[in-house]
K.L.:
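Before anything else, here's the structure in question.
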Amino acid sequence: MIDTDTLCQLPYFAELSKQQLDWLTKHGNQITLSPGDLLVSEGDSPEYFYILLKGELQSTQNIGEEEIGFASYKPGHFLGEMHIALESAHVSSVRALVHCQLFELKKGVFFQMMAMFPSVKHFIVSKMEQHFHAAQGIQYHEKLVGLGTLAAGLAHELNNPAVAGNRAAEHLRNHLERLQPLRTDVQTTLLSDLQLDVISRATAPLFSDPFEKSVQESTESFLLDPLERSDQEDRILSWLAARGINHCWELAPTLVEANLHIDWLDRVAARVDAESLPGVLTWIGSTLAVNRLLSEIQHCTTRISEMVSAVKEYSYMDQAPLQEVDIHEGINCTLLMLGHKIKRGITLFCEYDQRLPRICVYGSALNQVWTNIIDNAIDAIDAIDGQGQLWIRTMREDECVLVEIIDNGSGIPPEIQSRIFEPFFTIKGVGQGTGLGLSTSYRIVVEIHQGSIRVTSKPGKTCFQVRLPLKQCA
């Protein structure tokens, strides 16, 4: 049994009377640990409040198949108070590094001590408050890390169409500079009215009579495999070179892109004299290139606009927090924000029930749920080889909307599946996760929206099910 002299040396017991210290020694117990002995195991229910008197303890967590140490305790430290107060299982194991002596109080005695001794309660609660603020700091840090990841992905997604649009604009400028003198030359010296009519119809969007083109035919070239495309370019290149066409290496890909073949070139050559043919084909090629580049620039600007719109919808800026939303819009915006990670080798399947009504939710908060679950699914696929499938399904189930997010990644070990929604519990490596993403998702779905979130997992298939009640905003 521990003596009162030892207890009174601890700062949080220094104000207690001899009678109060006697009560503690009577209701507590002194234990010893040898190096390597476990004090508590990860996942244990909290049964005791511990005070370390001598020695050193270390807390560890099992991450995958490796046990990682992340905190140590010196004499005077106490532990277990947070888990007792929150009635949550221990998120780590604690073992002795050297010979240790500890003073322990059962959970019920701990609550009695807190009620009987205000000075001790004040000290312990203040420490718990410090731990709480530290936990909040970690949570804010994780949010900032997540925001940084999304920002980096967004910058990457915006940069691609911006660079492509800039490149297309530069090429467009070059083609327009080439067309200006060529147009004057062709119109005034090379072509008759009949030949101008031929060229005008040749460069029409539908490539109709006299060259018998259609929209369907002109898009077939996009389906060519690289080998077939290369063969067609070589044949046209040879045809152009045989007729002394300058820049034929640049013109041939443009003609193939427009699905114009040798027989089409023969028909043009039959209607245009040999002297005018180089100018005619160069003019046609530049006109086709201009149309293609304009379409490319339009696609790039549309993509940028979509990304900006997605950011606004993702955060629901300028809108009331609680509102009726289309659940699919939030999921799609999240997928767009995470697009830089998904397209690295993951095949995405979306099966949406388009008959689902709009539901009353906190849109921005709910998007955090989709982000956390989908991001974890991507990491699970990356843990194998980065090549896998991701399914997102929506459907109605009684008076709820059911969202399933399924991946064929590494899976969650059965022994920890019941703990993945606990604060600070993570199976990611050190520095890769704080264990707050899924606990935040649980709070948003269950506590804020009165829904449910469940997971089933085995190697090759992990399924998160999120159920949200169908209700209208007041």
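The chain is numbered in sequence order, starting from 1. Please read all numbers here as calculations on a predicted model, not as lab measurements.
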K.L.:
Give me the ring orientation class for Tyr362 and His449: parallel if the planes are under 30° apart, tilted from 30 to 60°, perpendicular past 60°.
P.N.:
perpendicular
K.L.:
Which distance, rounded to the nearest 0.5 Å, do you find between the CG of Leu255 and the SG of Cys248?
P.N.:
10.5 Å
K.L.:
Nearest 0.5 angstrom please: Phe49 CZ to Phe110 CZ, how far?
P.N.:
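Taking CZ in Phe49 and CZ in Phe110, the distance rounds to 5.5 Å.
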K.L.:
Do His27 and Met113 touch side chain to side chain, with heavy atoms closer than 4.5 Å?
P.N.:
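A side-chain contact under 4.5 Å is absent here.
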K.L.:
If you take all heavy atoms of Asp407 and Ala377, which pair is closest and at what distance?
P.N.:
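Smallest heavy-atom distance, with atoms named: OD2-CB, 3.5 Å.
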K.L.:
Could you state the interatomic distance from CG (Asp326) to SG (Cys333), rounded to the nearest 0.5 Å?
P.N.:
10.0 Å
K.L.:
Locate the shortest heavy-atom distance separating Ser457 from Ile412; write the atom from each residue and the value.
P.N.:
OG-N, 2.7 Å
K.L.:
Provide the closest heavy-atom pair for Val40 versus Ser92 in the form atom of the first, atom of the second, distance.
P.N.:
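Heavy atoms only, the tightest pair is CG2-O, 4.1 Å.
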K.L.:
Closest approach of Leu240 and Ala252, non-hydrogen atoms and distance?
P.N.:
CD1-N, 4.1 Å
K.L.:
Hey, mind stepping through Met114 and Gln112 against side chain to side chain contact (heavy atoms under 4.5 Å, CB included) and telling me if it holds?
P.N.:
CA-CA 5 Å; Met114 297 285 281; Gln112 284 183 278; over 6 Å; no
K.L.:
Measure the spacing between CD1 of Ile378 and CD1 of Ile346 and express it to the nearest 0.5 Å.
P.N.:
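Result: 5.0 Å between the selected atoms.
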K.L.:
Taking the side chain as every heavy atom from C-beta outward, state whether Ile331 and Ile405 have any atom pair closer than 4.5 Å.
P.N.:
no
K.L.:
Side chain to side chain contact (heavy atoms under 4.5 Å, CB included), that's the test. Do Ile373 and Val466 meet it? Break it down for me.
P.N.:
CA-CA 10 Å; Ile373 297 176; Val466 177; 3.9 Å; yes
K.L.:
Could you walk me through whether Glu47 and Lys106 pass the salt bridge (charged side-chain N to carboxylate O under 4.0 Å, His left out) test, one step at a time?
P.N.:
CA-CA 6 Å; Glu47 298 296 335; Lys106 289 186 177 180; over 6 Å; no
K.L.:
In terms of the angle between their ring planes, are His77 and Tyr73 parallel, tilted or perpendicular, with boundaries placed at 30° and 60°?
P.N.:
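Plane angle over 60°, so perpendicular.
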K.L.:
Any idea which heavy atoms bring Leu38 and Ser93 closest together, and the distance?
P.N.:
CD2-CB, 4.0 Å
K.L.:
Do the side chains of Ile236 and Leu251 get nearer than 4.5 Å, heavy atoms only?
P.N.:
no
K.L.:
Would you name the heavy atoms of Ser452 and Val445 that are closest together and state the gap between them?
P.N.:
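What the structure gives for the nearest pair is O-CG1, 3.4 Å.
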K.L.:
So Leu260 and Val268, do their side chains get closer than 4.5 Å, heavy atoms only?
P.N.:
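No, too far: nothing below the 4.5 Å cut-off.
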K.L.:
What is the ring orientation for Tyr12 with Phe78, classed by angle as parallel under 30°, tilted 30 to 60°, or perpendicular over 60°?
P.N.:
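Ring orientation of Tyr12 relative to Phe78: perpendicular.
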K.L.:
Any salt bridge between Glu324 and Arg358, counting N to O under 4.0 Å?
P.N.:
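Salt bridge between Glu324 and Arg358, a charged N being under 4.0 Å from a carboxylate O: no.
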K.L.:
Side chain to side chain contact (heavy atoms under 4.5 Å, CB included) between Leu366 and Leu468: does it pass, once the steps are laid out?
P.N.:
CA-CA 10 Å; Leu366 199 58; Leu468 298 163; 3.6 Å; yes
K.L.:
My understanding is that only one of Gln387, Lys461, Gln389 makes a side chain to side chain donor-acceptor pair (under 3.5 Å) with Asn408; could you say which?
P.N.:
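It is Gln389; the other options fail the test.
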K.L.:
Under the side chain to side chain contact (heavy atoms under 4.5 Å, CB included) rule, what do Ile406 and Thr462 come out as? Steps first, then yes or no, please.
P.N.:
CA-CA 6 Å; Ile406 306 169; Thr462 297; over 6 Å; no
K.L.:
For His122, does the NE2 atom sit with more than 12 other heavy atoms under 6.0 Å from it, leaving out its own atoms?
P.N.:
no
K.L.:
Heavy atoms, side chains only, cut-off 4.5 Å: are Phe123 and Val120 in contact?
P.N.:
no
K.L.:
Determine the interplanar angle of the His83 and His90 rings, folded into 0 to 90°, and report it as parallel if under 30°, tilted if 30 to 60°, perpendicular if over 60°.
P.N.:
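Ring orientation, 0 to 90° scale: tilted.
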K.L.:
Using modelled atom types and a 3.5 Å cut-off, is there a donor and acceptor pairing between side-chain atoms of Asn332 and backbone atoms of His328?
P.N.:
yes
K.L.:
Would you mind reporting whether Val455 and Ile420 have side-chain heavy atoms less than 4.5 Å apart?
P.N.:
yes
